[in-house]
Amino acid sequence: MFRRRGDDAEKGTFINPAERPESDENHESYGPKREIPLKGYLHIFSSQSSIQFKHPHFYKPSQWVYGGATTYRNKDSMLRYREGKLDDRYISPFNGRTEKLTVQAVDTIYDDSSSHATWNRTFVRNISPFHLRIANWPASHIPYDAEKVTKTQLALLCLKYLPAAMALVLVIGFPGNVEGEVRNGGRYDCFPYKFHGYSKVARNMLEEKAAKKHTDHAPQKTNPVSNRLLHPRYLCVIRDLASPTLGEVDRVSVDDWIAENQSNKGPLPYLFISYFTGQFPSESQSHCQLLIDIAEKAARAEGLSAFWIGCSCMPDSDQLQDDIFRLSDVIRGAKAVAIIVGPHADHDPRMPLPTRDIMLRQWGERLWTFPEVLLSPARKPIVVYTADDLDDHSSPLILEKNQLAPLVWKDQNASRQLIDHYEGNLILSRLELVTLGLQCLYSRQHGKYMQGDHSYALMGLLRVRPEVDQTDSDFQAFARLSLANDSDLLLERLACILPKNPTQAWHNMDDAYEVNLWDIYPTCQIAGIGEDNTIIVDGARGANVRWKSFASVNVRRRWSWTRLLVRLMLHTASLAVLIGGVMLWIAHRLKKDEHWIADHYTIPWGVTTDSRERRTFELVQYIVRLIIDDRVIKGWGIVFVLYSVPMLFVAPKLIHTLYGGKLWNTQPWLFGFEGYLPIDQIEFLIFGDRKGRLRWHPFGSPLSRHEVDDEYEDGHCIAVDPTTHADVRDLVERAQKSQLGEQKIFTLVDTNTMTVTLFEAARPPICFLLLGSEGGMQRAVGCSYDWTSGTLYRETVLRMETSCKDKMDLVSRARISLEKKTKGPKPSPAPPKPKGIRRRSGKPSPPSLSMARTL
């Protein structure tokens with residue numbers, strides 16, 4: 001029923017053929033056993049490759065460059081300045097400087113010019129240990145996924161085996177960086193970033209651009225809040241409630257009314273009138289008079305002598321903004337709420353009038369009508385009036401608040417939850433209240449007054465209300481509101497969200513992992529709100545991503561007698577063949593000069609004539625000849641060479657035994673490349689063999705895939721190659737011809753957890769910041785870097801294992817944008833490159849004296 005998949009058979013990896021996607025067997029370009037051809041260093045002979053002094057020495061210049069002659073300035077974490085034109089850069093973990101971003105890409109992307117990018121690209125290199133590369137060379141022409149080896153391939157293997165074995169025996173004795181380098185004390189590469197700017201709104205007053213103090217030198221809040229209204233400023237008062245005549249209404253100042261009547265009980269009870277200016281324009285006197293007449297009748301019906309209506313009770317133009325954004329206090333103080341609807345002002349009089357339900361739905365589309373319903377007195381019906389209700393033969397519509405959701409609003413499920421909350425039937429948490437309120441308010445577009453209107457409307461639902469700032473964008477207004485209230489770290493949670501699509505607005509809190517906002521637990525803090533819809537984050541842990549190439553990974557293997565014996569055999573054989581070769585060469589040189597050398601060393605003994613001394617002389621002469629005799633030296637040389645000969649036949653096999661096996665500890669790295677490669681091929685490029693050490697992350701990104709291993713009773717989870725699923729495979733193919741700003745496919749290799757993650761992003765993230773946790777995994781926000789403003793742009797969010805957290809360093813305060821980069825010069829096609837290989841010195845151009853932007 002089940003069959004094993006490829007080289008992972010010994011690990012119990014099974015696939016149910018009935019559950020496998022139909023297109024898997026028809027697609028031969030991808031899959032766990034399909035090797036993708038890579039030309040490697042043959043790319044240096046390509047006409048599109050260039051050479052530079054810095055690593056990587058060979059690369060493909062970016063096809064698109066940023067236009068404009070503006071010169072920007074940047075200050076790095078070590079207070080060094082750099083000036084230059086806009087380009088893609090990353091922060092080097094070696095020296096903390098901003099370096100030109102170069103991304104290694106698979107050949108299908110590197111060789112194809114239809115995949116547009118503003119960063120340099122280079123080809124994927126094999127950086128496995130040199131000894132393993134020699135051992136693998138004899139079989140390099142045979143695909144590792146080949147089921148059968150042909151005679152030609154076998155003959156070529158035998159022909160290449162002896163030279164490879166001889167080279168391996170010769171070089172194995174020399175020291176090399178086979179075990180890799182221990183870096184950063186066994187931690188990831190740090191991310192040496194620091195934001196030097198100010199926040200637009202900071203949590204702490206000391207971090208403001210200018211100190212704000214009162215005359216008594218008491219510090220002022222950085223995010224000042226507006227005071228609540230204890231009563232309306234104006235009310236419309238009916239002169240004689242007992243009189244049936246309409247039109248006897250006066251607008252009075254509530255403060256003056258309280259002073260004249262010397263009342264300590266506050267203003268008169270009043271009715272709040274809700275209406276839609278699209279149906280009753282404020283500039284139309286006839287519409288305003290009609291509103292007042294209907295409102296007066298509604299107040300009389302409620303037994304109230306006063307009512308509040310916007311067209312009459314907000315007469316002061318200099319107070320208009322405050323009146324609008326403090327309507328929530330007016331609604332909370334009302335005894336009842338009535339709604340007045342009518343045909344739209346643009347309604348064609350030749351057409352029949354719309355029904356009351358249609359006019360009510362038009363009223364419900366207005367932004368400010370939603371909080372007017374929510375904040376109306378609890379368990380009090382709302383009465384809906386029209387112009388026809390001025391006639392005594394017509395009666396208004398009486399609705400319970402919970403009936404408005406299905407009748408008026410499209411988002412009835414979310415709206416009903418908020419109504420139940422304010423009715424006391426279903427109490428929401430602070431986080432749920434803000435989330436649902438923002439969702440409902442952004443679904444209503446009419447009645448917009450300023451950019452931050454949606455947030456200011458939400459502000460009326462919460463306890464603390466920041467003062468209105470006309471320069472705020474919608475995000476900044478919401479961020480200030482979140483900082484002022486105890487919103488359960490809403491902004492911190494929002495930063496950990498991965499949007500379902502790149503164009504998703506910030507206020508849409510749908511997560512690509514289908515996780516609720518309250519399931520995320522932040523591990524950082526928002527220290528302030530920055531310009532351009534950014535947040536200032538502190539307390540995050542992060543690591544740099546190495547995009548330009550793979551690197552040698554330091555590993556630790558368990559000690560064993562077999563590995564020790566193999567090491568002694570290989571290293572002694574290497575020394576033996578070197579010593580034997582040298583001795584054979586010496587023997588050849590001494591063959592003709594042996595007697596002369598012997599006589600030369602024994603001539604002082606030749607002057608005596610005593611027989612005993614002559615015998616001594618002959619003995620010494622014999623010993624000297626025995627030592628330097630060419631036959632003796634040649635014999636020892638042959639012995640040493642013969643000792644190393646057996647190693648020629650087993651050295652390629654023994655080298656895999658020596659450097660094979662499980663890895664118990666590895667140097668943490670985050671390697672990245674553009675495109676897709678099978679996991680066995682990635683392991684071969686880094687470690688030099690295919691031992692199943694790396695594995696696909698089963699749930700590291702929305703592209704990750706996993707299956708159930710039915711060999712075990714409880715059904716173990718096994719990760720599978722994402723491209724075995726048709727939807728992911730289609731994304732990989734489309735990304736090979738993606739345009740600027742479109743989603744591209746990248747692969748992240750984590751040598752700490754030995755996992756590989758395939759993910760989508762418009763730009764390669766130069767770092768990953770751990771901002772929160774969810775479901776037992778860390779939310780790692782991948783960010784690109786705009787060095788001209790010091791801003792990190794969220795490109796993707798991956799899920800990493802918690803063990804990564806302790807091996808990442810803390811990052812200094814970071815400025816992060818949750819939106820895509822839209823400001824700055826637009827990219828344009830790069831000028832054509834001269835034929836041949838272009839050579840560069842790799843040195844930066846001298847800094848310009850002009851400066852257009854300073855961090």
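None of these values were measured; they are calculated from a predicted model. Here, residue 1 is the first one in the sequence, and each next residue gets the next number.
- With rounding to the nearest 0.5 angstrom, the OG1 atom of Thr534 is 4.0 Å from the CZ atom of Arg815.
- In this structure, Lys821 is positioned above the aromatic face of Tyr66, its NZ or CZ under 6.0 Å from the six-membered ring centre and within 45° of the axis.
- Using a 4.0 Å cut-off between a side-chain N of Lys or Arg and a carboxylate O of Asp or Glu, Arg233 and Asp316 qualify as a salt bridge.
- Residues that satisfy the salt bridge (Lys or Arg N to Asp or Glu O under 4.0 Å) test with Glu514, not counting sequence neighbours, are Lys500.
- Between the side chain of Thr791 and the main chain of Asp786, no donor-acceptor pair closer than 3.5 Å is present.
- A distance-only check finds a donor-acceptor pair linking the side chain of Asn508 to the backbone of Asp510 [under 3.5 Å].
- Here Glu296 pairs with Arg300 in a salt bridge; the nearest charged N to carboxylate O distance falls below 4.0 Å.
- Checking side-chain atoms of Asn516 against main-chain N and O of Trp518 turns up no donor-acceptor pair under 3.5 Å.
- Within the structure, every pair that satisfies the side chain to side chain donor-acceptor pair (under 3.5 Å) test and touches residues 401-410, not counting sequence neighbours, is listed here: Ser376-Lys401, Lys401-Glu423.
- No side-chain donor-acceptor contact under 3.5 Å links Arg332 to the backbone of Leu375.
- The CD1 atom of Ile309 sits 5.5 Å away from the OH atom of Tyr275 when rounded to the nearest 0.5 Å.
- Side-chain N or O atoms of Arg444 include none that pairs as donor or acceptor with a backbone N or O of Phe370 at under 3.5 Å.
- Remark: side-chain polar atoms of Arg779 are paired, donor with acceptor, to backbone N or O of Cys496 under 3.5 angstrom.
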Side chain to side chain donor-acceptor pair (under 3.5 Å) between Gln417 and Asn413: does it pass, once the steps are laid out?
CA-CA 7 Å; Gln417 295 181 60; Asn413 292 329; over 6 Å; no
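- Ion pairing between a basic and an acidic side chain is recognised when a charged N comes within 4.0 Å of a carboxylate O; Glu819 and Arg794 show no such pairing.
- For Gln439 (side chain) and Ala414 (main-chain N/O), no donor-acceptor pair under 3.5 Å exists by modelled atom type.
- Using a cutoff of 4.0 Å between basic side-chain nitrogens and carboxylate oxygens, Asp486 and Arg463 are not scored as salt-bridged.
- Using a 4.0 Å cut-off between charged side-chain N and carboxylate O, Arg480 and Asp469 make no salt bridge.
- Here the closest non-hydrogen pair linking Leu490 and Thr435 is CD1-OG1, 4.3 Å.
- A donor-acceptor pair under 3.5 Å links the side-chain atoms of Asp389 to the main chain of Thr386, judged by distance alone.
- Classification of the Trp506-Phe475 ring pair by plane angle, with boundaries at 30° and 60°, yields perpendicular.
- The cationic atom of Arg763 (NZ for Lys, CZ for Arg) does not lie both less than 6.0 Å from the six-membered ring centre of Tyr793 and within 45° of the ring axis.
- Remark: side-chain polar atoms of Tyr513 are paired, donor with acceptor, to backbone N or O of Val797 under 3.5 angstrom.
- In summary, Asp420 and Arg416 engage in a salt bridge, as defined by a charged side-chain N under 4.0 Å from a carboxylate O.
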